[in-house]
Amino acid sequence: MHEELGVAELKRRFSELLSRVELNGERIEIRRRGRPVAALVPVAEIEEADRETCPRRGLTAAAGIWEDFQDVDGFLASVRPHRDGDEDGTS
């Protein structure tokens, strides 16, 4: 179910509307001067949208980068001297 209401109505019925979103999964569109400005939606919808647009975050994103990397050991060996401050790699 999708309902549209103005800000004044939202203020009067906020607790009831929040319960409907939480318990029934309803979506409530909030309008100001007839224009949509915000919505009350179940958190699960936001989490699913986030997973679709950015499926991996933090360390899981980094792990995903390495999945298709062919020569991880060689790459790390070439980076180590620069990281340790030994530019010619003779440490």
Side-chain angles (χ1 to χ4, degrees):
M1 181 178 185
H2 177 89
E3 182 174 341
E4 299 174 1
L5 60 134
V7 175
E9 185 73 10
L10 171 71
K11 288 178 182 179
R12 281 193 296 277
R13 299 174 46 203
F14 186 75
S15 182
E16 171 217 336
L17 297 168
L18 196 58
S19 292
R20 287 173 41 192
V21 169
E22 178 185 19
L23 301 173
N24 303 332
E26 293 182 37
R27 299 171 55 104
I28 314 256
E29 185 175 286
I30 302 144
R31 295 177 163 259
R32 177 177 280 153
R33 296 181 191 97
R35 288 186 0 254
V37 294
L40 292 175
V41 296
V43 171
E45 285 187 30
I46 296 169
E47 290 171 343
E48 183 163 331
D50 285 347
R51 280 192 299 276
E52 290 174 5
T53 59
C54 183
R56 296 180 177 195
R57 295 181 179 204
L59 291 175
T60 59
I65 291 170
W66 295 106
E67 287 174 349
D68 297 323
F69 204 84
Q70 298 300 317
D71 185 20
V72 174
D73 293 330
F75 172 73
L76 293 176
S78 72
V79 169
R80 181 163 292 128
H82 299 284
R83 188 198 69 192
D84 294 338
D86 182 11
E87 295 295 323
D88 65 2
T90 61
S91 58

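Excluded from the calculations below are hydrogen atoms, water molecules and symmetry mates; all remaining heavy atoms, backbone and side chain alike, are included. We're numbering straight along the sequence, starting at 1.
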Apart from Ile46 itself, residues in the same hydrophobic cluster as defined by side-chain heavy atoms under 4.5 Å: Val41
[X]: which residues meet the side-chain contact (heavy atoms from CB on, under 4.5 Å) condition with it, sequence neighbours left out?
{"X": "Leu18", "result": "Phe14"}
{"X": "Val7", "result": "Lys11, Ile30, Arg32"}
{"X": "Arg12", "result": "Ala8, Glu9"}

Spacing of Glu16 atom CD and Ile28 atom CD1 [to the nearest 0.5 Å]: 7.5 Å
Mind checking salt bridge (charged side-chain N to carboxylate O under 4.0 Å, His left out) for Glu22 and listing every partner two or more places apart, or none if nothing turns up?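 Here no residue qualifies.
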Would you please name every residue forming a salt bridge (charged side-chain N to carboxylate O under 4.0 Å, His left out) with Glu4, sequence neighbours left out? Arg31
Can you name the closest pair of heavy atoms from Gly25 and Glu45 and give their distance? O-OE2, 4.3 Å
